[in-house]
Amino acid sequence: MADLKTDTLRTYAYILLYIALSSGQIFFNKWVLSSKEINFPYPLGLTLLHMVFSSVLCFSLTKILKVMKVDQGMTPEVYVTSVVPIGAMFAMTLWLGNTAYLYISVAFAQMLKAVMPVAVFVLGVAVGLEVMSCKMLLIMSVISFGVLVASYGEININWVGVVYQMGGVVGEALRLIFMEIFVKTKGLKLNPISVMYYVSPCSAICLFLPWIFLEKSKMDEHGPWTFPPLLLILNCLCTFALNLSVFLVITHTSALTIRVAGVVKDWVVVLVSAVLFADTKLTIINLVGYAIAIAGVAAYNNFKLKKEASRATSNDSDPESSQSQESQPLTSR
């Protein structure tokens, strides 16, 4: 009984940690990019620093200190054909998403992110991973309608910020599609440390090239920037910790829990940002539209989880399928 209570408390602690880190990182990045005290309006540079920090930390933990293990099975062919596209899309998502904070409020950016399932589904249909159905079409319509209503209710809408945010949504949708293709075609499943170990350097390179052309000259003209080293390390460390918190929640609970926690986090970000940032002015139309979109997202998550459960049941009842899965080159434990 005591062990069960301890496990329950630990699970809630992991969920709260994920919500706190995820929300906190969004606020942290917004503050760094828009704060006059720090004066660091360089989203590409900030994201590049995150990826370099993650690369160095992963290498140190796995190869020097050896406190964590990297899953084996990665080949040059798999890296070039699978990891590079995933790393490029991850870089695109972070770059465009952080840039959007320079133009639109955190709350409105979060509302626009609710359209993510629509982008993932449409791209999934295009590459043959998803099948169009009346139910899914209805769910996608509800989400899209909710986002449109939320956008209509935005007082100070900036279309440049909207374009950047939607570009980030497309990048994240492509990353998820590439991840699914990677797992299905290569049979290689990696734990989060391994994913960061392989993807972070690739993302850093993808960010470094546009940074040279788009931000380096501006940073040189500005002169020495006043980004306190301790604050920089803390910001990078929060990004790294956020990735690990996702791993903790998934391994100690389920996919459903992380999705529900994600919805809770979205509402926390929307409501708290209205208190923290002066550029956030929520309206009733904003909140109604976002509530409609979140209802559609909840329906989408429920539909996907039922589909995954059905597939798992089918695999359990099919010995050949189970044997095929066991013979994959690498699966996470």
Side-chain angles (χ1 to χ4, degrees), residues 22 26 89 92-93 96-97 100 103-181 184 254-271 273-274 280-311:
S22 185
I26 291 173
M89 290 303 101
M92 173 182 169
T93 300
L96 298 181
Y103 301 93
I104 59 178
S105 67
V106 170
F108 187 46
Q110 208 65 28
M111 292 177 187
L112 292 176
K113 285 181 184 178
V115 81
M116 177 71 69
V118 178
V120 173
F121 181 73
V122 170
L123 291 172
V125 171
V127 299
L129 292 176
E130 300 283 356
V131 178
M132 182 64 73
S133 65
C134 293
K135 186 172 183 178
M136 286 302 292
L137 187 60
L138 176 61
I139 291 174
M140 297 301 110
S141 299
V142 169
I143 296 174
S144 301
F145 176 73
V147 172
L148 285 174
V149 172
S151 301
Y152 180 78
E154 181 68 10
I155 298 175
N156 301 314
I157 189 168
N158 185 307
W159 291 107
V160 174
V162 171
V163 170
Y164 273 119
Q165 185 59 56
M166 296 311 293
V169 167
V170 172
E172 177 65 5
L174 285 171
R175 185 186 73 86
L176 294 173
I177 292 295
F178 287 149
M179 283 289 290
E180 187 168 352
I181 294 175
K184 286 185 176 181
S254 66
L256 174 61
T257 304
I258 194 69
R259 286 171 177 172
V260 172
V263 172
V264 174
K265 180 265 299 180
D266 291 341
W267 275 108
V268 168
V269 170
V270 168
L271 298 177
S273 64
T280 301
K281 294 179 176 60
L282 297 177
T283 66
I284 296 299
I285 298 178
N286 272 149
L287 296 176
V288 170
Y290 189 52
I292 294 172
I294 288 298
V297 171
Y300 171 80
N301 288 339
N302 183 59
F303 179 85
K304 292 292 291 182
L305 286 167
K306 285 183 177 179
K307 186 176 180 180
E308 291 170 7
S310 176
R311 185 185 296 119

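Excluded from the calculations below are hydrogen atoms, water molecules and symmetry mates; all remaining heavy atoms, backbone and side chain alike, are included.
In this structure, the side chain of N158 does not engage the main chain of I104 through any donor-acceptor pair within 3.5 Å. The closest donor-acceptor contact from the side chain of S273 to the backbone of V270 lies under 3.5 Å. Counting only distance, with no hydrogens or angles, the side chain of N286 and the backbone of T283 share a donor-acceptor pair below 3.5 Å.
When side chains are defined from C-beta on, V118 counts as touching V122, because their heavy atoms get closer than 4.5 Å. Under the 4.5 Å side-chain criterion, counting only non-hydrogen atoms from C-beta, L137 is in contact with M132. Within the 4.5 Å cutoff, the side chain of V131 has no heavy atoms near those of the V125 side chain. L174 has its side chain within reach of V170: a pair of non-hydrogen atoms, C-beta onward, lies under 4.5 Å apart. In this structure, the side chains of V162 and F108 come closer than 4.5 Å at one or more pairs of heavy atoms. A heavy-atom distance below 4.5 Å is not found between the side chains of L148 and Y152. Proximity of V147 to M111: side-chain heavy atoms (C-beta onward) are nowhere separated by under 4.5 Å. Side-chain atoms of M116 and V297, non-hydrogen and from C-beta on, never get closer than 4.5 Å to each other.
How far CG of L176 is from CD1 of I181: 11.0 Å, rounded to the nearest 0.5 Å. Atom CG of residue L287 and atom CD1 of residue I294 lie 11.5 Å apart, to the nearest 0.5 angstrom. In this structure, CG in L112 is found 6.0 Å from CD in Q165, a value given to the nearest 0.5 Å.
A100 and G161 get closest at one heavy-atom pair: CB-O, 3.7 Å. Listed here is the closest heavy atom pair of A274 and L282: CB-CD1, 3.8 Å. For the pair I143 and A114, the tightest heavy-atom approach, listed with the atom from each and the gap, is CG2-O, 3.2 Å. Listed here is the closest heavy atom pair of V169 and A119: CG1-CB, 4.0 Å. Taking every heavy atom of both residues into account, L123 and A173 meet most closely at CD1-CB, 3.7 Å.
Within the structure, salt bridge (charged side-chain N to carboxylate O under 4.0 Å, His left out) pairs that include any residue of residues 127-140 comprise E130-K304, E130-K307 (at least two apart or interchain).
Within a 6.0 Å sphere centred on OH of Y290, heavy atoms belonging to other residues, nucleotides or ligands number more than 12.
Not a single side chain to side chain donor-acceptor pair (under 3.5 Å) links E154 to another residue, sequence neighbours left out. A search for side-chain contact (heavy atoms from CB on, under 4.5 Å) contacts involving M136 returns F121, S133, I139, M140, Y300, F303, not counting sequence neighbours.
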*Could you walk me through whether K265 and Q110 pass the side chain to side chain contact (heavy atoms under 4.5 Å, CB included) test, one step at a time?*
CA-CA 10 Å; K265 180 265 299 180; Q110 208 65 28; 3.5 Å; yes
